[in-house]
Amino acid sequence: MKQVYNPYLPLDEYIPDAEPHVFGDRVYVYGSHDKEDGETFCMLDYVCYSAAVDDLKEWRYEGVIYRADQDPDYQIENSVNSPITREYMYAPDVVCGNDGRYYLYYCMSGAAGQGGYHGPIQVAVCDTPAGKYEYLGYVKNPDGTPMLDYVCFDPAAINDDGVIRIYYGTQYPFEEETDFFENEESIRAEMEMFHKSREEILTFARKDSVMGPCMVTLQDDMLTVREAAKHIIPYKVKGTTFEEHPFFEGSSIRKVKNKYYFAYSSMKNHELCYAVSDHPDRDFVFGGTLVSNGDVGLHGRTEKERLNMTGTTHGGIECINGEWYVFYHRLTHKSDYSRQGCAEKITIDENGKIEQAEMTSCGLNGRPLVAEGVYPAAICCHLTNGSMPHGSNQKLAAHFPHVGSRNNERFIAQLQDHTLIGYKYFAFDSVKAFSVTMKSEKDAVMEVYQGIPKDYAASAETYGTMIGKIEIPASDDWTVTKAEIPFEKGVTPLYLKYIGSGEGSLKEINFFTA
């Protein structure tokens, strides 16, 4: 039986910041491109994957669609538009223009994000959704100068009944609680971070701020500004619906019926949120959280109770074959630099509300995974030792459980005593036995649960019970250990809890029905 699980692309592929778009009878995913065990964000060229809208279980690799060295600012140092080396392409988006061609919008950056707030929004073009894009230019003012209003970062694009709209921006809490014009420290910090003059910073501050989510409309050439950029949400959010979930970055835009849904990464830095308006450029109201890559918020779960290492998430929503999905990413390799795309089904109710999606292992499968045969351990949707870190723009050295790789193998590494590994959901029918493929420094035990163990359950979450255990021998090589486990029939989560004084690694899990 053909199935798909999260992450929905091959386990050696790292496509964060996914923007899914249906063009014709296929859905295309555009995103940044991280390197396995990479040293910084977005180290590789843009590639594209696509799937038939009626078969999300089969994703086709479309190849490299655009290279960083095609951009004129690639590795140019100390130029007017590029004050430092910028060789990495950040979160892109693609839109079909009024001429039927496809336009790729993106921003260049340097290592660890340096210079990512300095340049213009760049544009490439192609005749097909996943062909070879060619550099076209940058978003520019009518006089031909680069459009640098506010902070050009993470562009999103929409063809709104013939009107081309670009959404972009970033936000930091520099002067939220103070009178900006009396805060010299904030002024200097913004000048340095956003590479703008004092005059520019003060000019924007009189309107609101240089920061925050913005929208600009373009002429049919897909480059030239038609209507000047403006904020769509105020920078200062205290007392507004955005106070608990302020905008950080990662703009994404969709039109659903006659309403505009603006998705974004919040300052909590682990959740993808959304806002709704009847207008494309004003009056947005906070809608809720779409997904958190630590399942924070579900069942009353707090940030301290996060079920994964959390960090940046960015993505978008799309209607595919009549069903809505949210695309987001998870962290691997103990860093923010090797992120993998995941997706979950969502529902937009009659009032336009979207409930927070839970992280699952089955994702786009459309049904629970069948509890039969071998699965990679790395498709776990939850992985925690009870005190997982929050990582942002860093690679951590501390030991904690994570999805990692070595010698072209992907596995869960650095399992510690009481590490929890979760999979949602499996359909259990006639499972007779269960095995794990592991390495362990010392003899250990793997406890098996249907449902989350009580000690990891959130306040409003139903918990499961242990149904068996597997004795794990110490081994430096991958070793398969099998035990008869009395699984109950039905659809349930599968949770494994590692008990041991030495660290372990988990490569595969296997269900036996005979």
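Throughout, numbering of the chain's residues begins at 1 and tracks the sequence. Small disclaimer: the values here were computed from a predicted structure and weren't measured.
- Ring geometry for Phe242 versus Phe286: interplanar angle over 60°, hence perpendicular rather than tilted (30 to 60°).
- Contact of the Asn269 side chain with the Thr310 side chain is not registered, since no non-hydrogen atoms from C-beta on lie closer than 4.5 Å.
- Taking each heavy atom of Leu331 and Met309 in turn, the nearest pair found is CD2-CE, 3.9 Å.
- Between Tyr264 and Phe247, the two ring planes are tilted [angle within 30° to 60°].
- In terms of modelled atom types and a separation under 3.5 Å, the side chain of Arg165 and the main chain of Met215 share no donor-acceptor contact.
- Looking only at side-chain heavy atoms (C-beta outward), His402 and Gln414 come within less than 4.5 Å of each other.
- Taking all atoms of both residues into account, the shortest heavy-atom contact from Tyr103 to Leu136 is CE2-CD2, 3.7 Å.
- No donor-acceptor distance shorter than 3.5 angstrom exists from the side chain of Asp127 to the backbone of Arg101, with no hydrogens or angles considered.
- The aromatic rings of Tyr49 and Tyr61 sit tilted, their planes meeting at an angle between 30° and 60°.
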Inset, instruction - Dump the intermediate steps for side chain to side chain contact (heavy atoms under 4.5 Å, CB included) on Glu344 and Tyr328, then the final yes or no. - result: CA-CA 8 Å; Glu344 310 291 353; Tyr328 63 104; 2.7 Å; yes
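- Around CD of Glu244, the count of heavy atoms belonging to other residues, nucleotides or ligands within 6.0 Å does not exceed 12.
- A pairwise comparison of heavy atoms in Cys273 and Thr289 identifies SG-OG1, 3.9 Å as the closest pair.
- Put simply, the side chain of Glu39 does not reach to within 4.5 Å of the side chain of Tyr337, judged on heavy atoms.
- Salt-bridge formation is not detected for the pair Lys132/Glu134: no Lys NZ or Arg NE/NH1/NH2 atom is positioned less than 4.0 Å from an Asp or Glu carboxylate oxygen.
- Between Phe262 and Tyr167, the ring planes are tilted. Angles from 30° to 60° get that label.
- With respect to the salt-bridge test (charged N to carboxylate O, under 4.0 angstrom), the residues Arg226 and Asp220 do not qualify.
- Salt-bridge formation is detected for the pair Arg254/Glu318: a Lys NZ or Arg NE/NH1/NH2 atom is positioned less than 4.0 Å from an Asp or Glu carboxylate oxygen.
- Ring geometry, Tyr261 versus Tyr274: the interplanar angle falls under 30°, so the pair is classed parallel (tilted spans 30 to 60°).
- When atom types are taken as modelled, the side chain of Asn393 and the backbone of Ala112 share a donor-acceptor pair closer than 3.5 angstrom.
- Rounded to the nearest 0.5 angstrom, Tyr90 OH and Ser109 OG are separated by 3.5 Å.
- Counting heavy atoms from C-beta on, the side chains of Arg198 and Ile187 come closer than 4.5 Å.
- With a 4.5 Å cut-off on side-chain heavy atoms, Asp149 and Lys230 do not count as touching.
- If you run side chain to side chain contact (heavy atoms under 4.5 Å, CB included) between Leu218 and each of Thr224, Val139, Leu223, Val163, only Val139 comes through.
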Legend entry - Audit row: Tyr235, Gln171, side chain to side chain contact (heavy atoms under 4.5 Å, CB included) steps and yes/no: CA-CA 8 Å; Tyr235 168 77; Gln171 184 162 319; 3.4 Å; yes
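- In this structure, Tyr46 and Tyr106 have perpendicular ring planes: the angle between them is above 60°, well past the 30° mark.
- Heavy atoms only, all atoms of each residue included: Phe41 and Gly113 are closest at CD1-N, 4.3 Å.
- Using cut-offs of 30° and 60° for the angle between ring planes, the His270 and His390 rings count as perpendicular.
- Taking a cutoff of 4.0 Å between a charged side-chain nitrogen and a carboxylate oxygen, Asp71 and Arg86 do not qualify as a salt bridge.
- Cation-pi check for Lys334 over Phe400 is met; the charged atom lies under 6.0 angstrom from the ring centroid and within 45 degrees of its normal.
- The pair Arg301-Asp295 does not meet the salt-bridge criterion, since no charged nitrogen lies less than 4.0 angstrom from a carboxylate oxygen.
- The shortest distance between side-chain heavy atoms of Pro155 and Gln122 does not fall below 4.5 Å.
- Within a 6.0 Å radius of NZ in Lys35, no more than 12 heavy atoms belonging to other residues, nucleotides or ligands are found.
- Ring-centre distance between Phe327 and Tyr8: below the 6.0 Å cut-off.
- A 6.0 Å sphere centred on NZ of Lys57 holds more than 12 heavy atoms belonging to other residues, nucleotides or ligands.
- With hydrogens and angles disregarded, a donor-acceptor distance shorter than 3.5 Å links the side chain of Lys196 to the backbone of Leu148.
- Interatomic distance, OH of Tyr133 versus CD of Gln70, reported as 12.0 Å (0.5 Å rounding).
- Closest of all the heavy-atom pairs between Pro7 and Ala378 is CD-O, 4.3 Å.
- At distances below 3.5 Å, at least one donor-acceptor pair connects side-chain atoms of Asn98 with backbone N or O atoms of Gly162.
- Ring-plane geometry between Tyr30 and His21 is classed as tilted, the angle between the planes lying from 30 to 60 degrees on a 0 to 90 degree scale.
- Note that OG of Ser32 and OH of Tyr14 are 15.5 Å apart. Values are rounded to the nearest 0.5 Å.
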